[in-house]
Amino acid sequence: MDTFLLYGIAAIGLALSLAKDRGKTKMALKKAWKAFEGILPQFLSVLFLVAGALAVLDTETISTFLGRGSGILGVLGASLIGAITLIPGFVAFPVAAALLKGGAGATQIAAFVSSLMMVGVVTLPMEMKYFGKRAALLRNALAWLFSIAAAFFVGWAVSA
Amino acid sequence: MTAFIKRYAAAIVAALAFVAFVLFFPAWRGKALDSMVFQTKTMLLVIPPIFILLGLLDVWVPREKMIRYMGEGSGARGTVLAFFLGSFAAGPLYGAFPFAAVLMKKGASFANILIFIGAWSTTKIPMLLFEMAALGKRFALSRLAVDIVGILIIAWAIKLALPRKEVERLYAEAEHID
């Protein structure tokens, strides 16, 4: 659904640009292509990494992990799974909701959702290309630690 | 040709590893191929609008404007703008990185770039609405509140921890994209 929005904005922008200046629009598309071509090798690496990782960690496997783990270990495990996987929200949220109904802890689910969104281990090759090794690793490490803290807050807020 | 192989070396290794994985673990084969198809579809769907938008941004937004609104001296307004830009985005986080590079090239401050990345990863509005429906208002809103704080802390911590020279190097790299 949000992809449609993205297409809409891009189409409107492109139409406005075209009405204003043909040459500049051509240049924008050229730049778009060049930027894409520049990141293509990293894109492809990420694609293979993600496909492999998600074959092993499919939603069923993730569910059993998240449903089972309790306590601190469960939170740690949930955040680690979230860090490695790359699942769009519209797939992850219904799974998370079903797990919550099935009795999984809100803290564990929050750890999974938070680290799923903020931490991207498999997309590191792309992040490093623009942000360098240091900043990319640092951001992911901090985001992972933070997702655990955030999980305890959400767990507390939901039960309070 | 050698330049091509050098650029694509990591991708080729990843591809070979994937092929080996599919060949040697038949139990995972179906799922691996399914997720390959799914991820390729997602990428192909998301890539065109994102790159068109970053091309338009690059051509139409003058550097002085970007510096004024999101540069070093932009203050709270720059922070808020970075949050909004990221929150109105759509698509997976990897779409944010090339976009961030264009913002860098145009002179947005490093802290604001980090906030933009953070917002894109967690406070996207369409996703938030969906999260509220699936997991409840309390869950989604408390996560949003704590994540806004977290995005600011993480941006600030990275900015402090990263040497000036490294930041300058990243900006110099971003200059080359065009």
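Here is the naming used below: chain letters follow the sequence lines, and residue numbers restart at 1 for every chain.
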Under 4.5 Å from any heavy atom of chain A, what part of [X] do you find: side chain, backbone, both or neither?
| X | result |
| --- | --- |
| B:I47 | side chain |
| B:L56 | both |
| B:I158 | both |
| B:I12 | neither |
| B:F21 | side chain |
| B:M43 | side chain |
| B:I117 | side chain |
| B:A100 | side chain |

Once you round to the nearest 0.5 Å, how far does [atom1] of [X] lie from [atom2] of [Y]?
| X | Y | atom1 | atom2 | result |
| --- | --- | --- | --- | --- |
| A:K30 | B:D58 | NZ | CG | 13.5 Å |
| A:M118 | B:T122 | CE | OG1 | 4.0 Å |
| A:I87 | B:T42 | CD1 | OG1 | 11.5 Å |
| A:L47 | B:M36 | CG | CE | 3.5 Å |
| B:R169 | A:R134 | CZ | CZ | 10.0 Å |
| B:M127 | A:F90 | CE | CZ | 7.0 Å |

Contacting moiety of [X], where chain B heavy atoms sit under 4.5 Å:
| X | value |
| --- | --- |
| A:L16 | neither |
| A:I109 | both |
| A:I9 | both |
| A:L142 | both |
| A:L100 | side chain |
| A:V119 | neither |

Applying the 4.5 Å side-chain criterion to the ILVMFWY set and letting contacts propagate, would [X] and [Y] be lumped into a single cluster?
| X | Y | answer |
| --- | --- | --- |
| A:M128 | B:F97 | no |
| B:F83 | B:L129 | yes |
| A:L29 | A:L18 | no |
| B:I52 | B:F88 | no |
| B:L135 | A:F112 | yes |

Do you know which of [options] has the most heavy-atom pairs under 4.5 Å to chain B?
| options | answer |
| --- | --- |
| A:G8, A:S45, A:G13, A:G38 | A:S45 |
| A:P94, A:S114, A:A106 | A:S114 |
| A:A149, A:A98, A:A28 | A:A28 |
| A:L14, A:L49, A:V46 | A:L14 |
| A:W33, A:F131, A:F153, A:W156 | A:F131 |
| A:A157, A:A55, A:A150 | A:A55 |

Run the salt-bridge test on B:E166 and A:K133 with the 4.0 Å N-O cut-off and return the result as yes or no.
no
For the student: nearest non-hydrogen atoms of [X] and [Y], plus distance:
| X | Y | answer |
| --- | --- | --- |
| B:A11 | A:P41 | CB-O, 3.5 Å |
| A:A135 | B:L162 | CB-CD2, 3.8 Å |
| B:P48 | A:Y7 | CG-OH, 3.8 Å |
| A:A143 | B:I154 | CA-CD1, 3.7 Å |
| A:F93 | B:A134 | CB-CB, 3.8 Å |
| A:M117 | B:L93 | O-CD2, 4.1 Å |

Between [options], the one whose heavy-atom pairs under 4.5 Å with chain A are most numerous:
| options | answer |
| --- | --- |
| B:W60, B:F18, B:Y94, B:F110 | B:W60 |
| B:V59, B:L33, B:V22 | B:V59 |
| B:F130, B:F25, B:W28 | B:F130 |
| B:A9, B:S121, B:P92 | B:S121 |
| B:A27, B:G30, B:A161, B:S35 | B:S35 |

Could you tell me whether A:F36 and B:F51 have their ring centroids closer than 6.0 angstrom?
yes
Are B:F38 and A:P88 side-chain neighbours, meaning at least one heavy-atom pair lies under 4.5 Å?
yes
B:L16 vs A:F48 side-chain heavy atoms within contact, under 4.5 Å:
no
Step-by-step side chain to side chain contact (heavy atoms under 4.5 Å, CB included) determination, A:Q42 to B:R7:
CA-CA 9 Å; A:Q42 284 77 9; B:R7 268 193 72 204; 5.7 Å; no
Stepwise side chain to side chain contact (heavy atoms under 4.5 Å, CB included) check, A:L86 with B:Q39:
CA-CA 9 Å; A:L86 182 77; B:Q39 294 294 338; 4.1 Å; yes
Please determine whether side chain to side chain contact (heavy atoms under 4.5 Å, CB included) holds for the pair A:Y130 and B:L170, giving the CA-CA distance in whole Å, both sets of side-chain angles, and the decisive distance to 0.1 Å.
CA-CA 7 Å; A:Y130 296 114; B:L170 296 175; over 6 Å; no
Take B:Y8 and A:L40, measure what side chain to side chain contact (heavy atoms under 4.5 Å, CB included) needs, and give me the verdict at the end.
CA-CA 9 Å; B:Y8 283 86; A:L40 190 58; 3.5 Å; yes
Do any of residues 61-74 of chain B have a heavy atom less than 4.5 Å from a heavy atom of chain A, and if so, which, in residue order?
none
